[in-house]
Number of protein chains: 2
Amino acid sequence: MSHSPHSNTAHVILGLLDGRPRTGYEIKQTVDTSTRFFWAASYGQIYPELRRLRDAGLVESERDDTGGRKRSVHRLTPAGREALRAWLAEPAAATEYRDEKLLKLFFSASAVEDVTAGTAVLRAHAEEHAETAARLRELEPKLIAAGNPYQLAVLRYGIRQNDAGARHCEEAVRAIENPGAEESA
Amino acid sequence: MSHSPHSNTAHVILGLLDGRPRTGYEIKQTVDTSTRFFWAASYGQIYPELRRLRDAGLVESERDDTGGRKRSVHRLTPAGREALRAWLAEPAAATEYRDEKLLKLFFSASAVEDVTAGTAVLRAHAEEHAETAARLRELEPKLIAAGNPYQLAVLRYGIRQNDAGARHCEEAVRAIENPGAEESA
DNA sequence: TACGACATGTAACCAGTTACATGATTTA
DNA sequence: TAAATCATGTAACTGGTTACATGTCGTA
């Protein structure tokens, strides 16, 4: 059962550095345009974590002050690569979701006199799903070109889930606005 | 922009107490069989939060020691009902997902010599989705009978997302195991 | 009589966000 | 010359989990 002694933020960093060496700033940029829709990371995590990874010997950092800007480029050590592979081989913990919109929707029957509150939440939910799906679709061609089937699988997973989510919310609005069609398979 | 001064755990409690008065223990049981798949809560949150809600005048607690067991039954005050409605009327924050399985899948190309690691993660993901969907399906008849279209919408949303997730993972396994069919729409 | 469910709570910890502080370089 | 971007970091806070501590009641 013993799982990796490193946080998932550490694994994001190790995974990205396995691609190529990067600065902390570049790690943040890359996260924001790739893993962000299922795993975000802030500077407040990245920099301290890089420090810990360095102390643990999993990354090494090279100072690169050419041009006057002081920056540290981090790269994986063999131990870091090993830690990444070990983590990949372990089973993942069961996913815990926390979705505030679902929470609101779940209790929307309590909105008594304000009957539109529930459908408003649903419409907002539909729109958020549609926007996310659109944003992810823009990334698709680049990933197809890159030829990484895993990253492509993740992206398409996101696209499908959001498409399905948007459709479902629209249907639910219709179902709530005209009750009576209350059965189905 | 100003949002509710209460945590989402507080809203879960308020929402459940709007149904009927409950003990902290009952709140936990109900969460575990209803909101849990998109919003969990532990005793370590529930009891301190009940205390805060009582101090804020949103719930009142009645001691009920009949039978020797000491228990507190909590009920919404008018102010509590008002706080619940106010929260429902506000737009929800954008949903932030954290999915460790997607993270692992995303970096599975780094598993080099262990080519089965990626598909193993996918199969585990498919299975988790299928189990969740099955568990949610069991709850459906009860909710249909209860006649709350919002709770039903949430449940069906969960069922669909998990069905779609399971299907997607199975397809992705096939796609990775026999490459060459690498194009599509 | 032991075990499982009922019942309440606290303390230590962990992961993550936000706001702050600082400063150089590039570009409009 | 002002604004955006590159670049690094810390401190305070928030939300949540886990483990612990305690005790009753019903039932197999």
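Below, read A as the first sequence line, B as the second, and so on, with proteins coming before strands; counting in each chain starts at 1. A quick note: this is a predicted structure, and the numbers were derived from the prediction, not measured. No hydrogens, no waters, no symmetry mates; every other heavy atom, side chains included, goes into these values.
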How long is the line joining [atom1] of [X] and [atom2] of [N], in whole Å?
X	N	atom1	atom2	value
B:His6	D:dG15	NE2	P	12 Å
A:Tyr43	C:dT17	OH	P	13 Å
A:His74	D:dT8	NE2	C1'	9 Å
B:Arg98	C:dC14	CZ	C1'	13 Å
A:Lys70	C:dT25	NZ	P	10 Å
B:Leu53	C:dG9	CG	C1'	16 Å
A:Arg52	C:dG16	CZ	P	10 Å
B:Glu49	D:dT17	CD	P	13 Å

Selection from [options] that lies nearest to any side-chain heavy atom of [X]:
X	options	result
A:Tyr47	C:dA5, C:dT17, D:dG9	D:dG9
B:Trp39	C:dG9, C:dC6, D:dG16	D:dG16
A:Ala40	D:dG16, C:dT17, C:dT8	C:dT17

With the threshold set at under 4.0 Å for non-hydrogen atoms, list the residues of residues 12-35 of chain A touching DNA chain C in residue-number order. none

Option from B:Leu53, B:Thr77, B:Ile27, B:Leu58 for which side chain to side chain contact (heavy atoms under 4.5 Å, CB included) with B:Leu17 holds: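 Of the listed options, the one satisfying the test is B:Ile27.
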
Specify the residue among B:Pro48 and A:Gln45 whose closest nucleotide of DNA chain C lies further upstream toward the 5′ end.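 Closest to the 5' end, via its nearest nucleotide, is B:Pro48.
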
With each end axis built from five pairs of C1' atoms, what bend angle do you get for the helix from C:dT1-D:dA28 to C:dA28-D:dT1? Round to 10°.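 Inter-axis angle at the termini of the helix from C:dT1-D:dA28 to C:dA28-D:dT1: 30°.
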
By the 4.0 Å heavy-atom rule, please label A:Arg51 as base, sugar-phosphate, or nothing.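 It contacts nothing in the nucleic acid.
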
Between A:Arg71 and D:dC6, is there a contact of a side-chain N or O with OP1 or OP2 at under 4.0 Å? no

With B:Pro21, which residues qualify under side chain to side chain contact (heavy atoms under 4.5 Å, CB included), at least two apart? B:Val73, B:Arg75

Between B:Arg167 and B:Asp163, does any side-chain N to carboxylate O distance fall below 4.0 Å? no

